[in-house]
Undergrad: 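This is the structure, below, for whatever I ask next.
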Amino acid sequence: MPELPEVETVRRSLFPLIKNRTIENVIVYFPRMIKEPDVETFKRRVRGQTFKAIERLGKHLLFKVGDLTMIVHLRMEGKFMIKAIDAPKDKHEHLRFNLSDGQALCYYDVRKFGTLHLKEANTLYTTKPLRHVAHEPISEAFDFNAFAEKLKSDRPVKAAILDQKVISGIGNIYADEILFCASIHPDTPARELSRARIKKLAECAKTILNKAVESGGTTIRTYKNALGVDGMFQLHLNVHMREGEACKKCGRTLKKKKTAGRGTYFCPTCQKKGRKT
DNA sequence: CTCCATGTTCTCTG
DNA sequence: ACAGAGAACATGGA
């Protein structure tokens with residue numbers, strides 16, 4: 001379940017392996033992954049281009065190829081790997097870029113939920129999927145007042161911070177960790193949060209995402225980063241996947257419930273509803 | 001066999 | 001029209 005820290009780890013580890021390589025050929029095994037433009041146009045435009053950079057916005061990877069940008073979203077289980085150009089197709093391999101150095105950049109996705117959009121510079125940020133993506137809590141551009149304004153909603157605060165239009169980069173794991181850090185019950189209606197608690201929420205989001213990036217992300221279940229490298233932030237998880245275990249702050253038993261349609265881990269003592277601190 | 005998990009977008013409801 | 005809830009997507013594992 002790659003969230004901002006995992007996607008950032010992919011970005012950092014992958015770029016040195018493809019930097020300045022030219023795409024000699026593109027093989028699409030699962031055409032539905034290419035959302036824009038049609039597959040033939042996509043192949044024609046990308047062939048012959050060179051990887052100039054990988055950027056990231058929230059959970060989106062932005063591959064700069066020539067003057068074009070490939071926006072890739074890994075959704076739940078998307079991964080990239082490098083292998084020899086003549087290696088046979090693996091199970092769950094959906095896309096392959098044959099590179100000028102004899103290696104191939106391959107995309108894998110068991111769930112097939114990942115997406116790719118190819119954009120020109122003039123529409124990159126003004127069209128889907130990046131059009132409405134909010135700033136990240138760790139970005140210089142993060143605007144606290146805009147964030148507070150978007151929390152004026154009746155939704156549970158957990159639903160609000162999972163919404164990429166409100167704040168970007170946070171998924172189910174870090175949402176739980178951030179709310180625990182801020183001592184906020186996940187079901188608290190977003191508009192009931194005081195300005196001080198919103199401040200705390202934004203600070204916790206920044207601290208936790210930065211720390212997770214430093215740790216190379218979180219490795220749980222089957223998720224592994226590019227090259228199969230494991231992140232280590234799971235060692236710092238305070239609530240996520242710890243149902244029935246002791247709270248590291250108060251020692252009481254952590255609970256699991258469903259909020260915003262998502263499995264939600266929290267401490268009923270440290271994260272009381274209506275708490276004012 | 002059934003149910004669950006997961007991020008995002010689409011569709012339905014009030 | 002709006003916000004919010006729920007379904008859909010795909011597939012492996014419990």
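Chain letters run A, B, ... following the sequence lines, proteins first and then strands; every chain starts at 1.
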Undergrad: Kindly state which residues belonging to residues 149-159 of chain A come within less than 4.0 angstrom of DNA chain C, counting heavy atoms of the residue only, listed by number.
TA: A:S153, A:D154, A:R155

Undergrad: Output yes when at least one side-chain N/O atom of A:R111 is less than 4.0 Å from OP1 or OP2 of C:dG12, else no.
TA: no

Undergrad: Can you list the residues that meet the ring-ring contact (aromatic ring centres under 6.0 Å, His included) rule with A:H73, with sequence neighbours excluded?
TA: A:H60

Undergrad: Of the residues in residues 113-124 of chain A, which ones touch DNA chain B at a heavy-atom distance under 4.0 Å?
TA: A:F113

Undergrad: Which ILVMFWY residues are connected to A:L124, directly or by a chain of links, through side-chain heavy atoms under 4.5 Å apart?
TA: A:L57, A:L62, A:I71, A:Y125, A:L130, A:V133

Undergrad: Between A:R262 (CZ) and B:dA5 (C1'), how many Å, whole number?
TA: 8 Å

Undergrad: For the pair made of CG in A:N172 and P in B:dT8, what is the distance, rounded to whole Å?
TA: 11 Å

Undergrad: Determine which pairs satisfy disulfide (SG to SG under 2.5 Å) with at least one residue from residues 71-190 of chain A, sequence neighbours left out, and list them in order.
TA: A:C181-A:C204

Undergrad: For A:T115 and A:R75: C-alpha separation, side-chain torsions, deciding distance, then whether side chain to side chain contact (heavy atoms under 4.5 Å, CB included) applies.
TA: CA-CA 8 Å; A:T115 58; A:R75 295 292 180 100; 3.9 Å; yes

Undergrad: OP1 or OP2 of C:dC9 less than 4.0 angstrom from a side-chain nitrogen or oxygen of A:K112, does that happen here?
TA: no

Undergrad: Mind calculating the distance between OH (A:Y107) and C1' (C:dA10) to the nearest angstrom?
TA: 12 Å

Undergrad: For the side chain of A:K91, starting at C-beta, report the closest nucleotide among C:dG12, C:dC9, B:dG7.
TA: C:dG12

Undergrad: Who pairs with A:Y29 by ring-ring contact (aromatic ring centres under 6.0 Å, His included), at least two apart in sequence or on another chain?
TA: none

Undergrad: Can you pull the disulfide (SG to SG under 2.5 Å) pairs that have at least one residue in residues 110-170 of chain A, sequence neighbours excluded?
TA: none

Undergrad: If the cut-off is 4.0 Å, is A:K258 near the phosphate of B:dA5, judged by side-chain N/O to OP1 or OP2?
TA: yes

Undergrad: Tell me the interatomic distance from A:E6, atom CD, to B:dG7, atom P, rounded to whole angstroms.
TA: 10 Å

Undergrad: In whole Å, what is the span from the NE2 atom of A:H92 to the P atom of C:dA10?
TA: 14 Å

Undergrad: Tell me: CD1 of A:I71 to C1' of B:dT8, nearest whole Å?
TA: 15 Å

Undergrad: Reading nucleotides 9-14 of chain B 5' to 3', which nucleotides get B (base under 4.0 Å from a protein heavy atom), which S (sugar-phosphate only), which -?
TA: SS----

Undergrad: Do any side-chain nitrogens or oxygens of A:Q164 fall under 4.0 Å of OP1 or OP2 in B:dT8?
TA: yes

Undergrad: Using whole Å, what does the distance between atom P of nucleotide C:dA14 and atom CE of A:M241 come to?
TA: 11 Å

Undergrad: Check whether any side-chain nitrogen or oxygen of A:H73 sits under 4.0 Å from OP1 or OP2 of B:dT8, and answer yes or no.
TA: yes

Undergrad: Can you name the ring-ring contact (aromatic ring centres under 6.0 Å, His included) partners of A:Y174, sequence neighbours left out?
TA: A:F233

Undergrad: Report the residues that fulfil side chain to side chain donor-acceptor pair (under 3.5 Å) with A:R21, sequence neighbours left out, ordered by chain and then residue number.
TA: A:D101

Undergrad: Less than 3.5 Å apart, any donor N or O on the side chain of A:K273 or A:T188 sitting next to an acceptor on the other?
TA: no

Undergrad: Give a yes or no on whether a salt bridge exists between A:K83 and A:E93, defined as a side-chain N under 4.0 angstrom from a carboxylate O.
TA: yes

Undergrad: How would you list all residue pairs meeting disulfide (SG to SG under 2.5 Å) that involve residues 21-68 of chain A, not counting sequence neighbours?
TA: none

Undergrad: Can you name the residues that form a side chain to side chain donor-acceptor pair (under 3.5 Å) with A:T127, not counting sequence neighbours?
TA: A:K119

Undergrad: Whole angstrom is fine here: how far is it from CG in A:D109 over to P in C:dG12?
TA: 12 Å

